[in-house]
Amino acid sequence: MIVIKDLHKSFGDLEVLKGVNLHVKPGEVVVVIGPSGSGKSTLLRCINRLEESTSGVVIVDGYDVNDKRTDINLVRTEAGMVFQQFNLFPHMTALQNVTLGPVKVRKIPRGEAEKMGHELLEKVGLADKARVYPDQLSGGQKQRVAIARSLALRPKVMLFDEPTSALDPELVGEVLEVMKTLAKEGMTMAVVTHEMGFAREVADRVIFMDEGMIVEESTPQELFGAPRHERTRSFLGRVKGEL
Amino acid sequence: MPGQFNFKFSVVWESFPVLLEGVKLTILITLFGLLVGFCLGVAAGLGRTSRNPFLNRLAGLYIESIRGTPLMVQVMFIYFGLPLAMGMRIPPLAAAVAAIAVNSGAYIAEIVRGSIQSIERGQMEAGRSIGLTHLQAMLYIIWPQAFKRMIPPLGNQFIISLKDTSLLVVIGVGELTRKGQEIIAVNFRAFEVWLAVALMYLALTMTISKLLRLLEKRLDISQ
């Protein structure tokens, strides 16, 4: 579903990604962990070309993302993205946030899009919030609307960029629940997160990144139970210390 | 000596129809000037946020040259200067509208640019991530939010432009200030007539404030 080969990304003189190789199979849930500044978010943002790769290959559902002939807008509908800061459109109701993509991009008739929008809001537990504007929602509710907004395009893969990092601790659970449901339904997911519990429980594969490279990748049991690399061990040690 | 002056406010009443003609022309020039100026301003403001270097510099050149020169000089240039270069006369009213349009456009451009750039980058990213083109994202996501933030500074600019029309006396357009001058040239009642003229400008600018506040309230459904 996602193939990344020797991906490099620099911001000016700063090399953020130093040759990343990654393969995400259909239906797989891959969780990326690592210290801040390790390039996790940049990696995710290169997948739907919110960041231009400096070099290397990114293929999503058979499309070469960096090929100028590729319709990047089409690729982006295949790869839904959920942001740390939600980025809901504040001038639209929850329902309008969800239906904008289907109506404007997929050209689905409004009535049909709204029916689907209501279903998606129900799926994320916000059936009663359709007519509400984002500023009347809690952080967790906002993020669930944002997930519904991405799902509205019927993407083949979902990218989550630290979806719970901006949330109050007591609101993290409701967002993770929605993500777990998605994973169970067989959605292909790439998740950047600090939620080790989520990684342990839901991930098929956990990737540990540090300083722009993948240091270690394996099943959650192995990576958390018996990390092979010293850097992984020290990171996990520090994370445990925080908890 | 103070106290010796005989105020005679009946002159205001007598000259009221003439002043109203001036008010009408002031409104006309302001309205059309700002209408064109708003279009110019949106175009130049978008140009200033554009990544196309040609558009960006063109807009920058326009904004800087207009902001950097006095309106009075611009008016004179359009009315007395341009006709010499083009070999045709420009009617005073057209020159007046053009001057207000070109002048306000430069300031409105900066308002538009500032408002667009004040929208968080994540909004554009979220729009693009659901497959909208750059243009669609501008249209459906950035513009509606930016427009709301434009209203207070736009109101400011509208009021400034309305008052700026008084400078058009230099090319003899019969707007409110010109009419006042003409009346005083006949009856020498400077105090009464200038006071009346001032109150008429005040009424006009207060109307603009009120209208924009109404617009702001109407748009203020979500935040």
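Just so you know, these numbers use all the heavy atoms, side chains as well, and skip hydrogens, waters and symmetry mates. Chain A is the first sequence line, chain B the second, and so forth, proteins listed ahead of strands; every chain is numbered from 1.
Using a 4.5 Å cut-off between heavy atoms, A:Leu74 makes no contact with chain B at all. Heavy-atom distances place the side chain of A:Phe83, and not its backbone, under 4.5 Å from chain B.
The interface of residues 122-133 of chain B with chain A, defined by heavy-atom distances below 4.5 Å, comprises B:Gly122, B:Gln123, B:Glu125, B:Ala126, B:Gly127, B:Arg128, B:Ser129, B:Ile130, B:Gly131, B:Leu132, B:Thr133. Interface with chain B: from residues 144-164 of chain A, residues A:Arg149, A:Leu153 qualify, criterion being any non-hydrogen pair under 4.5 Å.
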Identify all side-chain donor-acceptor contacts of residues 40-47 of chain B below 3.5 Å with residues at least two apart in sequence or on another chain.
none

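At most 12 heavy atoms of other shown residues, nucleotides or ligands fall within 6.0 angstrom of atom CZ in B:Phe54. Heavy atoms from other residues, nucleotides or ligands lying under 6.0 Å from CZ of B:Phe32 number 12 at most. Counting heavy-atom neighbours within 6.0 Å of A:Lys5 NZ, excluding the residue itself, gives a total of 12 or less.
Highest contact tally toward chain B, considering only A:Val82, A:Leu88, A:Val75, is held by A:Leu88 [criterion: heavy-atom pairs under 4.5 Å]. Each of A:Asn87, A:Ile72, A:Val132 has some count of heavy-atom pairs under 4.5 Å with chain B, and the biggest count is that of A:Asn87.
Listed by first then second residue, pairs satisfying salt bridge (Lys or Arg N to Asp or Glu O under 4.0 Å) with a partner in residues 115-124 of chain A read A:Lys115-A:Glu119, A:Lys123-A:Glu185, not counting sequence neighbours.
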